[in-house]
Each structure stands twice: as C-alpha cells, then as structure tokens.
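First up is the structure itself, then whatever we jot down about it.
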Amino acid sequence: MTSGKDISGHSIIEAEKLTATFNNLSLATSSVDNNNHTITGLAQVTYTGEMEGSNSAQSTDVYQLTYDLQQHKLTQVQRIGQLSSNN
C-alpha cells in the first residue's frame with residue numbers, strides 16, 4: 001500500500017483532482033466462527049469515480065471481510081478484485 005502521496009509529498013487525490021461517489025453496497029455472510037467470535041463475508045461496492053476534465057466511470061469491487069463480534073468492528077478487509085467497470 002502506498003502513502004497516498006506523490007514524489008513531491010503532495011496528496012495524489014488532490015493533485016489529480018480525483019473524486020468518488022458511493023452508489024451501492026451489497027453484503028453476504030459466508031460463515032460464522034463461534035470459537036473466534038467472527039463472521040466472514042463478501043462486500044460488493046459500486047461507486048463512480050471521476051478525474052477533473054475526464055468522463056466519470058462506474059466500477060464494482062468485491063472485498064472479503066471479517067467482522068469481530070466481540071470488538072464490534074471489521075478486523076480484516078481484503079480487496080478481491082473488480083467485477084466491472086463502465087468507462
């Protein structure tokens with residue numbers, strides 16, 4: 001994972017004038033581990049991204065998630081890949 005900065009130390013998002021808009025989230029649980037008090041599942045996230053001066057594109061990414069039932073938080077988020085991109 002990168003720092004999010006370009007070689008001059010400035011934010012890549014700000015320098016490239018990138019924006020993203022959340023469109024939709026679909027969740028599906030796959031298993032409950034009672035011993036470790038966790039739930040694993042998949043999240044399908046659809047968003048629209050745009051760079052200033054360019055056309056916007058809608059994309060759908062899939063993430064594998066682990067949620068800790070005792071801590072009440074996500075303990076693992078791993079991007080699996082992109083389902084589609086509409087440029």
Point to revise | Partners passing side-chain hydrogen bond (donor to acceptor under 3.5 Å, both in side chains) against Thr38 (at least two apart in sequence or in another chain) | key: none
**Study point:** Those residues that, when tested against Thr40, pass side-chain hydrogen bond (donor to acceptor under 3.5 Å, both in side chains) (two or more places apart)
**Key:** Ser30, Ser31
Could you work out, with side-chain contact (heavy atoms from CB on, under 4.5 Å) as the rule, every residue matching [X], not counting sequence neighbours?
| X | result |
| --- | --- |
| Leu42 | Val62, Gln64, Ile80 |
| Asn24 | Ser26, Thr46 |
| Thr48 | Asn23, Ser56, Gln58 |

Revision key, fill the gap. Asp33 and Asn35 have their tightest heavy-atom pair at OD1-N, 3.0 Å
**Study point:** Pairs flagged by salt bridge (charged side-chain N to carboxylate O under 4.0 Å, His left out) wherever residues 55-84 is involved - sequence neighbours left out
**Key:** Asp61-Arg79
Check your understanding: Val77 and Phe22: same hydrophobic cluster, using ILVMFWY side-chain contacts below 4.5 Å?
Key -> yes
Check your understanding: With the 4.5 Å side-chain cut-off for hydrophobic clustering, are Leu27 and Tyr67 part of the same group?
Key -> yes
Check your understanding: Looking at Ile39, Thr29, Leu74, which one forms a side-chain contact (heavy atoms from CB on, under 4.5 Å) with Leu65?
Key -> Leu74
